[in-house]
Structures are given as structure tokens and as C-alpha cells.
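The structure presented is a predicted model; accordingly, all values stated were derived computationally and were not measured. To find a chain, count down the sequence lines: A is the first, B the second, and so on, and within it residues start at 1.
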Amino acid sequence: MSAAAPVVELKQITKRFPGIVANDSISLTLKKGEILALLGENGAGKSTLMNIVFGLYQPDEGSIEIDGKPVIIDNPNKAIELGIGMVHQHFKLVEPFTVTENIVLGMEPKKGLKIDYKSAAEQVRKLSEQYGLQVNPNAVIHDISVGMQQRVEIMKTLYRGADILIFDEPTAVLTPQEITELMAIMKRLVAEGKSIILITHKLKEIMQISDRVTIIRRGKVIDTVNTAETNPNELAEKMVGRGVTFKVDKKAPEVGETVLELKDVNSKSKDGVSVLDGLSFDVKAGEILGIAGVDGNGQSELIQAITGLRKIDSGSIKVSGNEIANLSPRKITEMNVSHIPEDRHKHGLVLDFSVSENMVLETYYKSPYNKNGFMQNDVIDKYAEGLVQQFDVRTPSIQTKARSLSGGNQQKAIIAREIDKDPTLLIAAQPTRGLDVGAIEFVQKQLIAQRDQGKAVLLISFELDEIMNVSDRIAVIYEGKIVGEVFPQDTNDQELGLMMAGSLKRGGKAVE
Amino acid sequence: MNKFKKIFTTDSYIVPLVAIVLGFLVGAIVMLMGGYDPITAYSALFTRVFGNLYNFGEAVREMTPLMLTGLAVAFAFRSGMFNIGADGQVMIGMTAATVVGIKFAALPGFILVPLAVIIAGLCGGLWAGIAGYLKAKRGINEVITTIMLNWVALYLSNYIVRAFLLLPGQNRSEDIPASLSMTFLNSLFDNARLHWGTAIAFAAAVFFYVYLWKTKQGYEMRAVGYNPHAAEYAGMNVGRNVVKAMFISGVFAGLAGAGEVLGVFHYQSVFAASPGYGFDGIAVALLGLTHPLGVVLAAILYGTLTYGSAGMSFAADVPPELIRIVIGSIIFFIAAQGIVRWVLKPFYFKRKKEKVL
Amino acid sequence: MDLQTLGQLLNTTLVFSTALIFASLGGIFSERSGVVNIGLEGLMMFGAFAAAVGGYYAQDAGMGEWAPWIGVLCAMAVGVLGSLIHAVAAITFKSDQTISGTVINFLAAGSTLYMVKLLFDGSAETPLIDGFNKVAIPGLSKIPVIGEGIFNSYPTTYLAIVLVIVIYFVLFKTPFGLRLRAVGEHPSAADTLGVKVKRMRYIGVMLSGLLAGIGGATITLTTTGTFGHNTVSGQGFIAIAAMIFGKWNPLGAFGAAVFFGFSQAIRNYVQLFEWSKGIPQEFIFMIPYVLTIIVLVGAVGRSAAPKALGQPYDPGKR
């Protein structure tokens with residue numbers, strides 16, 4: 001394989017954004033018929049680099065060669081012409097359009113003035129047969145599964161005749177079984193003569209499928225190695241720049257009283273679809289219960305139900321023995337429930353408020369932050385100052401708008417606020433999404449520290465590794481139901497994956 | 001509306017100032033193209049306003065409803081809503097003040113006048129509250145409801161005036177005995193129609209500031225305006241804040257209406273068409289960067305321009321509509337800041353290199 | 001009410017609806033591409049003004065029956081020019097779209113009246129022109145009720161109805177329509193497939209200027225015969241309502257525009273009914289606006305709106 005000719009060569013690519021060098025003189029080579037993994041942490045500059053290859057950004061310095069010829073890729077059209085296709089991490093699909101419409105958009109077959117949908121669907125069918133990509137050409141995007149949406153993304157590139165495919169974190173939203181399927185698809189694509197760049201921070205996948213790995217850190221290429229000659233530990237060290245143990249240190253839990261108890265909770269969406277379907281579980285003081293599951297199986301609705309943001313139709317939700325179902329969010333917070341929301345920009349912070357103002361987002365109406373209806377800004381500032389120091393939130397000042405903090409520091413600010421309320425129940429939804437390794441460690445340690453102080457912690461995450469490493473007990477959610485409860489030490493990815501896909505149930509509760 | 005907030009809460013005062021200069025320049029160019037003399041015209045404009053005390057007083061009278069409707073629109077903006085309906089709320093406020101002023105004329109003045117003003121504010125608030133309620137409960141775009149409510153307000157006001165308050169044979173109401181006029185200033189300002197509404201407007205601006213930035217409720221309202229989702233997660237009642245914000249916004253507009261009928265006209269006409277206060281209010285709010293101090297300054301500018309435009313057409317024969325072009329251009333330059341920055345770039349970056357404009 | 005009156009009512013309804021149909025179709029193009037267009041009112045003013053002026057000079061030059069068509073052409077051109085202000089601010093300079101739409105309304109109100117005074121010696125209105133004549137379609141116009149009601153209308157009305165169908169076809173059957181809608185729903189998806197987002201949005205906004213311009217022209221050339229400060233008087237806002245009401249679909253907007261046109265037309269006929277004598281006219285005038293609110297309360301909010309509506313597209317955003 002190493003004898004094959006290079007199809008893509010990046011030479012000394014540099015890209016700067018205000019205040020940051022995203023890519024610092026990066027060079028890499030993709031050879032024909034190989035799968036090259038591009039490994040790096042969140043924020044290392046992988047996506048920027050690939051967006052340059054795809055013509056969405058222009059490099060400030062450096063050059064690109066495709067099939068040995070220097071090229072300038074100044075827009076996606078150019079990239080498409082050169083046979084480059086990109087499968088985006090956040091699917092770029094127009095939701096109300098059909099599969100076919102999404103695939104042909106921009107290159108529509110025509111019959112007179114009209115789009116020739118018949119021949120379009122025919123071409124889609126042909127491609128889907130050739131590469132073994134199952135899709136329904138006439139289905140509307142918002143009706144199909146995440147796995148199928150990804151296949152549509154892949155077909156978009158194939159329809160345009162791409163020979164070089166870039167996969168940007170393609171497994172982030174898939175179940176282990178869907179990941180296996182995707183791997184098979186990628187192998188088939190390579191067998192059909194395509195070359196692939198796989199962007200990822202998951203070592204397992206790299207070991208499984210790639211031929212070579214290029215590691216980047218803080219915008220620089222650290223090394224390129226043959227997959228066969230390396231191991232996950234070495235890769236991890238190169239990615240992070242220091243030795244990392246992916247096992248989280250924690251002592252055995254000291255489990256106490258039941259804090260959160262859900263019994264047979266049912267809730268329907270506006271269109272009458274059951275989103276929480278007889279859901280039951282409990283969380284005890286001093287333990288972390290991890291909810292594993294594929295995105296869209298009721299996790300968001302579950303959190304909303306517990307925090308009072310969603311009405312439930314039947315069932316009971318108790319916190320420390322008190323019924324909280326259908327109470328207002330304010331009442332529930334006042335029962336010592338803290339919540340680190342999954343979308344920090346949308347739900348966790350008011351980005352145009354200062355750090356200081358954000359620190360009292362849930363307590364602003366209470367004394368001492370408020371007296372007779374007037375905000376006590378001095379008190380609030382002092383309080384915020386304390387939190388910022390205690391939790392090491394890096395901000396120029398507490399008057400800085402939350403918007404201008406980095407993702408990790410925004411998350412730290414939220415965690416500071418939620419933990420400082422000294423909750424009996426802490427709900428953490430996707431608390432490490434999009435953070436770099438250092439911040440991930442910080443967040444996970446905080447969760448464990450809370451557990452050790454006897455708090456009940458409910459962790460909801462799509463990252464199976466996180467669930468396995470941090471939780472004391474795991475409940476798997478599928479289509480709004482808990483389909484199994486297990487202890488992390490008694491299970492493995494495969495089993496969890498099957499449960500997450502709904503094809504395996506493990507009876508009732510884990511043995512206690 | 002997020003983009004809007006980013007622009008209009010920056011502490012940069014340079015952009016609006018440059019925008020004003022550019023707006024005047026556009027006006028001058030338009031005048032030159034029409035064969036008028038912009039210098040004569042602009043100086044006539046300012047002479048009209050500041051030339052004598054009567055005109056100055058009348059200009060202040062002109063600024064008063066602008067200030068209140070500007071505050072109304074700005075307040076709604078701050079809470080994440082576009083209140084295009086200040087016009088209707090003004091009309092409702094006028095009508096309410098007129099009804100109270102005429103029908104309760106038996107009350108002593110010191111009760112009647114405040115009562116008329118308060119009821120006018122409340123009615124304006126309730127009228128705007130309808131749009132707020134529909135937004136909060138049914139998610140209906142307030143832009144469309146407020147536009148519709150403007151028309152309903154127009155016809156409702158006309159009906160009330162014609163059915164209950166009509167001065168026989170005229171297309172207006174009877175005279176209103178309640179008065180907000182500052183008669184003690186008559187001799188000083190040569191009988192310019194100064195009234196207490198101006199003081200109410202300034203008080204409203206102070207209230208606006210204190211309420212939004214110093215109180216618990218204001219904190220909530222700003223949080224809801226910036227990010228309703230986060231506000232909801234933090235346990236705030238988004239719907240209630242939306243209704244409250246629209247209510248307060250409408251109160252400002254209703255007070256503007258009270259000032260006009262009780263302080264200026266002393267009767268209410270049957271409207272032939274929308275009086276346009278609300279649309280001026282939008283301009284004032286945008287010019288004033290939706291900040292209460294900015295709104296006050298913008299109302300002064302806008303009032304000066306519109307009142308002065310008559311002088312301009314008198315002295316230089318320039319159609320007074322030119323002023324709308326000037327104002328429209330100023331808002332354009334404020335909104336499309338990129339253009340202003342582009343104009344400023346050569347000057348600005350030489351001096352302050354490190355600061356990103 | 002006899003059949004003849006019914007026919008007349010239908011006819012008047014279409015006269016009032018026509019301007020709204022054009023403008024709301026324009027709004028659909030702009031908003032389907034992702035740009036809010038609250039400036040329809042101003043764009044209609046530009047159109048009404050240009051049609052009045054262009055029509056006047058064309059009539060003056062002895063162009064006879066062709067004069068109003070010259071007016072329509074002028075309205076299209078000025079409408080497009082006016083919409084460019086909105087496009088530049090909203091698309092290129094990424095300003096808030098509601099604000100730049102409001103700017104259009106201001107600039108239109110100011111500049112058209114300024115020009116009228118400039119061109120016609122300080123007069124507040126343009127001179128009265130003949131405008132369009134109704135055209136009876138041979139044969140069809142003899143059908144009872146709808147012959148009088150539909151097939152004896154102004155040419156602009158026929159044009160509007162044809163355009164509804166054409167635009168429906170363009171939006172939902174052609175590559176251009178697919179791309180325009182994609183840009184309004186998910187601009188970065190469109191961008192990565194090589195669809196030029198900004199260009200599509202410019203086209204959307206300019207088409208809205210063109211169509212709203214014709215809408216404004218319709219008012220001067222079929223209803224008022226002159227242009228002054230109250231010629232358009234809120235029709236643009238009603239057109240926005242019609243667009244939202246019609247769920248951003250040409251057929252729906254057509255239905256909504258006809259509804260609003262009908263409620264304007266009914267004013268002239270309502271006194272023919274015995275039962276209406278006791279109702280103050282103001283309440284009859286109010287009906288369409290109250291009804292709009294009631295229908296919106298019953299319908300599902302903004303669900304049909306293009307998803308990226310109001311958001312500037314910034315490919316370099318990280």
C-alpha cells in the first residue's frame with residue numbers, strides 16, 4: 001500500500017483566526033486506496049484543515065496538490081470538481097427535503113425546465129446498490145434514522161463522483177453496531193478505488209480501520225505512523241502530549257438513600273408520539289447512574305421531565321421522596337436539583353450576559369443577590385469572583401461576556417454555578433461534549449467528587465467510553481424506555497451497543 | 001434578533017455618530033441632485049428649531065411622543081420582541097385618555113388628569129399585552145399580530161369617538177376638559193404647546209433604565225430577551241416575561257397618546273389613516289441603540305429634524321420628506337455597520353491598531 | 001344580493017387582491033431564500049411611485065394603451081433597485097434583516113414623496129393617469145357571475161394569477177426553486193454542494209423587489225390613478241400577513257391575498273345587506289384583521305417558516 005501514489009498532498013498549510021493559529025504549517029499525504037486517520041483532540045485544528053481541503057476556508061499559507069498537480073481550492077465547487085467529497089460531522093441535510101432532493105441538490109438532472117426526479121431516483125438507486133448503501137430515495141430526511149442520514153451524506157459525495165472522501169468524526173452519533181456497518185462501508189469504498197481521510201479522536205476506530213495515522217496537536221503535525229506499528233497508548237500520548245490514562249480513578253461508591261426515583265413515566269410529543277414510554281429508574285445518594293443510549297431515544301425529554309421543562313402524562317418522579325412531576329423548573333431547582341444542560345450555549349448560559357450575571361442565573365431572585373426587588377450587583381460580583389477563582393474559570397474579568405470564553409471555560413462556569421448550589425441531585429447531560437482532554441478530565445473529576453460527597457449524580461452521555469468509565473451503574477435508554485440496567489464491570493461495548501439498538505434487553509434492574 | 005442585540009448593545013458610540021454624519025451627507029447629496037442648496041437647507045432646519053422660544057417649545061412638543069414611542073419599541077426589543085404596534089397602542093392610549101377626560105369631567109382636575117393618564121397607559125399596555133399573550137401562549141409572531149392590532153385600534157378608536165364622544169357636525173371629539181398643558185410656561189415660550197407629557201417621557205426613560213438594569217424583574221427580562229431557552233432552564237417564566245415586556249412597552253406608547261390628546265390637541269380626531277407615531281418610534285429606538293439614554297438623544301435628533309424640516313422647506317424649498325431619507329440612511333448605516341467600519345478603517349486603524357472595531 | 005352584484009363583488013375582490021398577490025409572492029421569494037422582508041411596504045411604494053411617474057410620462061409621450069405597461073416596467077426596475085438596499089445590508093453586511101427592511105420603508109416613504117414634489121412642482125401627488133382598462137376575455141366573460149367576476153379584469157389580475165402558478169412551478173419543480181429553498185432552510189448544506197448562497201439570496205430579495213414593485217404599480221394603475229403618501233397605506237404589511245398566512249406557499253398566499261382583497265371589497269357592498277345596517281362600519285372594517293389573528297391562533301405558529309429565515313450566512317464562522 002505504501003507504494004501507491006499520493007492523491008492528496010498538503011504542504012505547509014497555515015490558517016489563522018483572530019487570536020488563534022488553527023493550522024500551523026501542516027503537511028500530510030493521502031495515498032491512493034488507503035484510509036488515513038487524522039487524529040487530534042477537539043480544537044486541535046482537524047476540522048479547519050479539512051474545511052481548507054474542501055474549499056470552505058482559504059489557507060493563509062501553504063499549497064495543496066491533488067494527483068500531483070498544485071491546485072487552488074477556493075470554493076466547494078472546485079473541491080467537488082477535483083473529486084473531493086466530505087461527510088460532515090453535523091450532517092448537512094435539508095430536513096424537509098427528500099433523500100433524492102438532498103443528493104442531487106446543486107447538480108440536478110433536468111428534463112426541460114423541471115428536475116427529472118425519476119432519473120434522479122434511479123441514479124440514487126444505482127449508487128446505493130454499487131456501494132451497498134441502503135437508502136430510501138423518496139423518504140424525507142426528518143423521518144429517517146441517523147444511520148441512514150449518514151448514508152445519504154456519503155451518497156451525496158459519490159453522486160458527485162468523489163474519489164477522495166473525508167469523514168469528519170463520523171461515528172459520534174452512531175451505535176456500536178452502526179459503527180461496524182460504517183466501517184464495512186468504508187472498506188468497500190476503498191476496495192472500489194476511493195481514498196479516505198478519517199477525522200477522529202477515537203483510538204479504537206483508528207486501530208480498527210486505518211492504514212496510517214497523522215496526529216495533530218494544537219494546530220501542528222506531531223507525527224505520522226503506520227497503524228500496524230503503533231498502539232492506542234502511544235497514539236493517545238502523541239495526541240495529548242503527555243501520558244493519559246483513560247481509566248478514571250475512583251474508589252468504590254458508598255451508596256445511600258434513594259434520591260431520584262422515576263416510576264412508569266410517560267410523555268408524548270406534540271404530534272402524539274410517545275417519547276417517554278413507561279420509564280423507570282432510580283439514583284441513590286453517593287452513586288453515579290449513567291444513562292447510555294443513542295441520541296434521540298428520549299434523553300433530552302427525560303432531562304426535561306426531571307427538571308420541570310416538560311409535562312409528563314402519567315407516572316411519578318420523586319426527589320428525596322417528594323413528588324416533583326410537572327412542578328415548575330423553579331420549584332424543582334429549589335429542591336436542591338442542579339442541572340448541567342447538554343447544550344451550554346442554548347440552555348446553560350446567557351451568552352450576552354457577563355460571567356458575573358451568569359453565575360446567579362438561577363439564584364438571582366434570592367437574598368443576598370437581591371433585596372426588595374433590586375439586584376445587589378456588588379454582592380453578585382464578589383460571589384462570581386470567588387467561583388471563578390475556585391473553579392479556575394479563565395476569563396479576562398467577571399464582567400466579560402460569557403460569549404467570549406472558550407468552550408471549556410464556559411462549561412467550567414456552568415459547573416461552578418451548579419455545584420456551588422450544593423445539590424442533592426446533580427444532573428449532567430453531555431457534560432464533556434466538545435471539550436479537550438484536560439477539560440474532560442476536570443469535568444469527570446468534579447462529577448466523581450460530587451458523588452464522593454454523597455450526592456446523587458445522573459449522567460447522560462452518548463459517549464460510551466464516558467459512561468463506562470465514570471458511572472457506577474448504567475441504565476440503557478431506547479425509544480423512551482429503560483431497556484436494561486447493568487454494572488460497568490459486568491458488561492462491554494458490544495452488549496451495551498445491542499441494548500442501545502433495542503435488540504437486547506437485560507431484565508429489570510442490575511442486581512444490587 | 002440576536003444579531004441585532006450584538007450590534008445595538010456594543011458600547012461603541014462611534015458608529016452611530018459616523019452614521020449620523022453619513023446620513024446627513026446622503027441628504028445633502030439628494031438635495032444637490034434635486035438642485036437645492038443643502039447648506040441653506042440644513043441651517044434653515046436648525047434655525048427653525050433653535051431660532052426662537054416658541055419654535056423650540058414646539059420642537060420639544062414634537063420630541064415628546066417620539067421619546068415615549070421610541071422607549072416603547074426599544075423596551076420590547078430588549079426583551080427580544082419587535083413591537084411594530086406602538087402606533088395602535090398610541091391610538092388606544094389617546095382614546096382612553098379622551099374617554100376618561102370627557103366622561104369623568106366632573107372629577108376635580110388633580111384626580112381627573114392623573115386618572116386619564118394612568119388609564120391611557122394601562123390601556124396601551126393591555127393592547128400590546130394581547131400580542132405578548134398570543135406570542136407567549138401560541139407562539140404567534142408578534143410582528144404580524146401588532147400590525148393587525150394597529151388596524152383594529154384605528155377602527156376601534158374611530159368607532160368610540162364617533163359613537164360616544166363626537167362633537168356634533170365635526171369629525172372629532174368634544175373638547176377634553178382634562179389638560180396636561182404647562183400653562184405657566186405660556187408666556188415664556190410664547191404659547192408653545194408644552195405639556196407634562198415631556199416630564200413623563202423623561203421619567204419613563206429613567207424607569208426603563210432602572211427597571212432593566214437594577215431590578216430582579218429587569219434581569220429576568222433581559223435574560224429572556226437574550227436567550228429564552230436558558231432563561232427557561234434557569235426557572236424563569238418566559239411567557240410571563242414576554243407578556244410583561246409587551247405590557248410595559250405598550251404603557252409607554254399609551255402614555256404618548258395621553259400626552260398628545262391631553263397636552264397638545266385637547267380633543268381627538270377621527271383618524272383618516274394611521275397617525276404614524278409607532279413607525280417614528282421604531283426609527284427612534286433603532287437610532288438610540290435601544291438604550292434609554294440613546295432613545296432620549298435619538299428622539300431629540302429626530303424631533304429636531306422633523307420639526308425643523310418645515311423651516312427647511314420654507315427657506316430652501318426642500319420637500320420635508322427629505323428628512324425621512326436622512327433618517328432612513330442613518331438607520332441603514334447603523335444597521336449595516338460593516339459599511340461604517342469600512343469608511344472608518346483608514347482613520348481608525350492607524351490610531352488604535354490593536355483594538356478590533 | 002343578486003348574481004350581478006355577486007359578480008361585481010368578485011371582480012372588486014380581485015382588483016384589491018392583485019396588488020397583495022404580487023407583493024406576497026415577492027415576499028415568498030425573499031423569505032424562502034432566508035431573508036426576512038418587512039420592507040415589502042416600502043418596495044410597493046417604490047413600485048407605485050415609479051408606475052405613476054413612468055405611466056405619466058409615457059402617456060404624455062402619446063404611448064396610449066402601452067403607457068401603463070411602461071409604468072409596470074418602471075415599477076419593476078425601481079422595485080429591484082430598492083430591494084438592493086435591503087440585500088446589500090442584510091446579505092453582504094449581515095445586518096439585522098428586520099432593521100434593514102424597516103430602512104426600506106423609511107427610505108421609500110421619504111424618497112418617493114420627495115421625488116414627486118421635485119418632479120411635479122411641489123405637488124403632493126402625481127398627476128392622474130388613465131392606467132389599465134379591464135379586458136374581457138372573449139367567450140369566458142359571458143359566463144354568469146365568474147364571467148363578470150374573473151374574466152373581465154385588469155391585465156395585471158390575469159398576470160398575477162398566471163404568476164401564482166408559474167412561481168409555484170419554479171419553487172417546487174425546478175432546480176432553481178430547489179436551490180432557493182435549500183438556501184433558506186440550510187444554507188451551509190447548500191454551500192457545501194456548491195450552491196452560491198449569497199447569490200441565491202440576492203436573487204430572492206431582488207425578485208421580491210420586482211414583484212412588490214409590480215404590486216405597487218397595480219395600485220396606481222388600476223385603483224388610484226395617482227401616487228401620494230397614502231397610496232399604499234399598509235398593503236405591504238397585509239401582504240406579509242398573506243405570505244405567513246399562506247405558509248410561504250404561492251397557492252396559500254394567493255388564497256390569503258384573495259381573502260384580504262375580499263374583506264376590502266365587501267366594505268362597498270355590505271350596505272346592500274339588510275342585517276348589516278345595525279353594525280357600525282368600523283366593525284366591518286376591522287373584520288379581516290381580527291379574523292387574521294383568530295386564524296393564526298388556530299393555526300400552528302411559525303412551523304412552516306424556512307428554518308434559516310433571518311439568519312445571515314457566514315461561512316467563515318467557527
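Around atom NE2 of A/H90, no more than 12 heavy atoms belonging to other residues, nucleotides or ligands sit under 6.0 Å away. Within a 6.0 Å sphere centred on OH of A/Y369, heavy atoms belonging to other residues, nucleotides or ligands number more than 12. Counting heavy-atom neighbours within 6.0 Å of A/R394 CZ, excluding the residue itself, gives a total of 12 or less. Within 6.0 Å of NZ in A/K311 there are more than 12 heavy atoms belonging to other residues, nucleotides or ligands.
Although no hydrogens or angles enter the test, the distance criterion places a donor-acceptor pair under 3.5 Å between the side chain of B/N227 and the main chain of A/K346.
Taking chain B as the reference chain and counting heavy-atom pairs below 4.5 Å, the highest number among A/V360, A/T363, A/N372 is found for A/V360. The candidate with the highest count of non-hydrogen atom pairs below 4.5 Å against chain B, out of A/E362, A/E334, A/K371, A/R344, is A/E362.
Residue contact with chain B, scored on non-hydrogen atoms closer than 4.5 Å, involves the backbone of A/L349 exclusively. No part of A/Q376 comes within reach of chain B, as not one of its non-hydrogen atoms sits under 4.5 angstrom from that chain. At a 4.5 Å heavy-atom cutoff, the contact between A/N377 and chain B is made by side-chain atoms alone. Within the 4.5 angstrom heavy-atom criterion, only backbone atoms of A/H345 (N, CA, C, O) approach chain B.
Partners of A/A428 according to the side-chain contact (heavy atoms from CB on, under 4.5 Å) rule, which considers only residues two or more places apart in sequence or in another chain, are A/I340, A/P431, A/L447, A/L459. Residues passing the side-chain contact (heavy atoms from CB on, under 4.5 Å) test with A/R433 are A/E342, A/Q430, A/F462, sequence neighbours excluded.
Put simply, the side chain of A/H347 does not reach to within 4.5 Å of the side chain of B/E232, judged on heavy atoms. When side chains are defined from C-beta on, B/Y233 counts as touching A/L309, because their heavy atoms get closer than 4.5 Å.
Annotation: residues 206-221 of chain B contacts chain A through B/V210, B/W213, B/K214, B/T215, B/K216, B/Y219, B/E220 [non-hydrogen atoms, separation under 4.5 Å]. Taking 4.5 Å as the heavy-atom cut-off, the residues of residues 235-243 of chain B that approach chain A are B/G235, B/M236, ordered by number.
In this structure, B/A234 and A/L361 approach most closely via the heavy-atom pair CB-O, 3.4 Å.
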